[in-house]
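Counting from 1, the numbers follow the sequence of the chain as shown. This one's a predicted model, so the numbers in the text were calculated from it and none came from an experiment.
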Amino acid sequence: MAWLVLVALVVMRPSYASMAMDPGGAPVLCPAGQYFMVSMESSEHNGCVPCRDNEISAAGDENCSPCNEGSTSNQKHTECMACRAGTYRNSDMSRCELCPENHFSEKGAGECMQCQEMSTANAQRTECVTGCDLDLGYALENRPHGEVVEVTCVAGLHTVGPNTITCDNGQWSPYPTCLAIESRFYCKGNGADQRAA
């Protein structure tokens with residue numbers, strides 16, 4: 001007895017059952033950044049519509065996909081873009097927002113982190129910076145990052161250069177030089193500078 005083996009060649013046709021169809025029954029492929037919306041009211045309102053904020057789609061996608069926390073969609077809704085450092089976006093927010101005061105974040109953050117004690121966030125909210133100790137002669141005071149302090153010389157001396165110092169992440173800018181006043185100048189009626197005796 002001979003066994004007969006039959007091999008069937010199956011040709012697969014694309015299934016459009018899950019795809020959006022136009023009123024004529026043809027599949028609708030929406031462009032990237034859009035999806036096919038079916039109106040319950042009337043077939044006249046069926047069509048491709050843009051994805052919502054923080055959602056994206058590729059060409060032909062039936063639905064839009066949400067962006068992860070820490071990212072937001074571009075204007076065309078074709079790509080999720082990470083929030084820049086110093087900003088964040090959680091699932092309740094429509095766009096990336098600046099971190100609150102005394103908080104910072106890295107690129108693509110879904111939340112901001114609070115700075116530790118004795119430090120504060122920089123203006124861009126990208127890192128925490130520490131203050132500077134200021135020796136007052138009788139006590140030390142911690143001043144915040146970015147604070148500008150005026151420096152005065154004791155009587156009989158004058159400052160050379162800027163008379164301020166600035167706290168920059170735990171370090172003071174260079175102090176001015178105090179020099180002795182050798183002589184005083186005064187102006188006579190004719191406008192010539194003369195040394196005081």
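- Rounded to the nearest 0.5 angstrom, L98 CG and Y88 OH are separated by 9.0 Å.
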**OP:** Start with the C-alpha distance between T120 and V129, add both sets of side-chain angles, then the distance that settles side-chain contact (heavy atoms from CB on, under 4.5 Å), and finish with yes or no.
**Re:** CA-CA 5 Å; T120 184; V129 291; 4.1 Å; yes
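- Under the 3.5 Å distance criterion, the side-chain polar atoms of S57 are matched with a main-chain donor or acceptor of G33.
- When all heavy atoms of R143 and V149 are compared, the pair lying nearest together is NH1-CG2, 3.8 Å.
- You'll find the side chain of I56 reaches within 4.5 Å of the side chain of C67, heavy atoms only.
- Taking SG from C83 and CZ from R95, the interatomic distance works out to 11.0 Å, rounded to the nearest 0.5 Å.
- H77 places a side-chain heavy atom less than 4.5 Å from the side chain of D53.
- Remark: the backbone N or O of N54 is paired with a side-chain donor or acceptor of S73 at under 3.5 angstrom.
- Heavy atoms from other residues, nucleotides or ligands lying under 6.0 Å from CE of M113 number more than 12.
- To the nearest 0.5 Å, atom CG of residue L29 and atom SG of residue C48 are 8.5 Å apart.
- In E97, the CD atom is crowded: over 12 heavy atoms of neighbouring residues, nucleotides or ligands sit closer than 6.0 Å.
- We find the OG1-NE2 distance between T152 and H158 to be 14.0 Å, quoted to the nearest 0.5 Å.
- From N90, atom CG reaches atom CD of E69 across 5.5 Å, with rounding to the nearest 0.5 Å.
- Side-chain atoms of S105 come within 3.5 Å of backbone atoms of T87 as a donor-acceptor pair (strictly under, hydrogens ignored).
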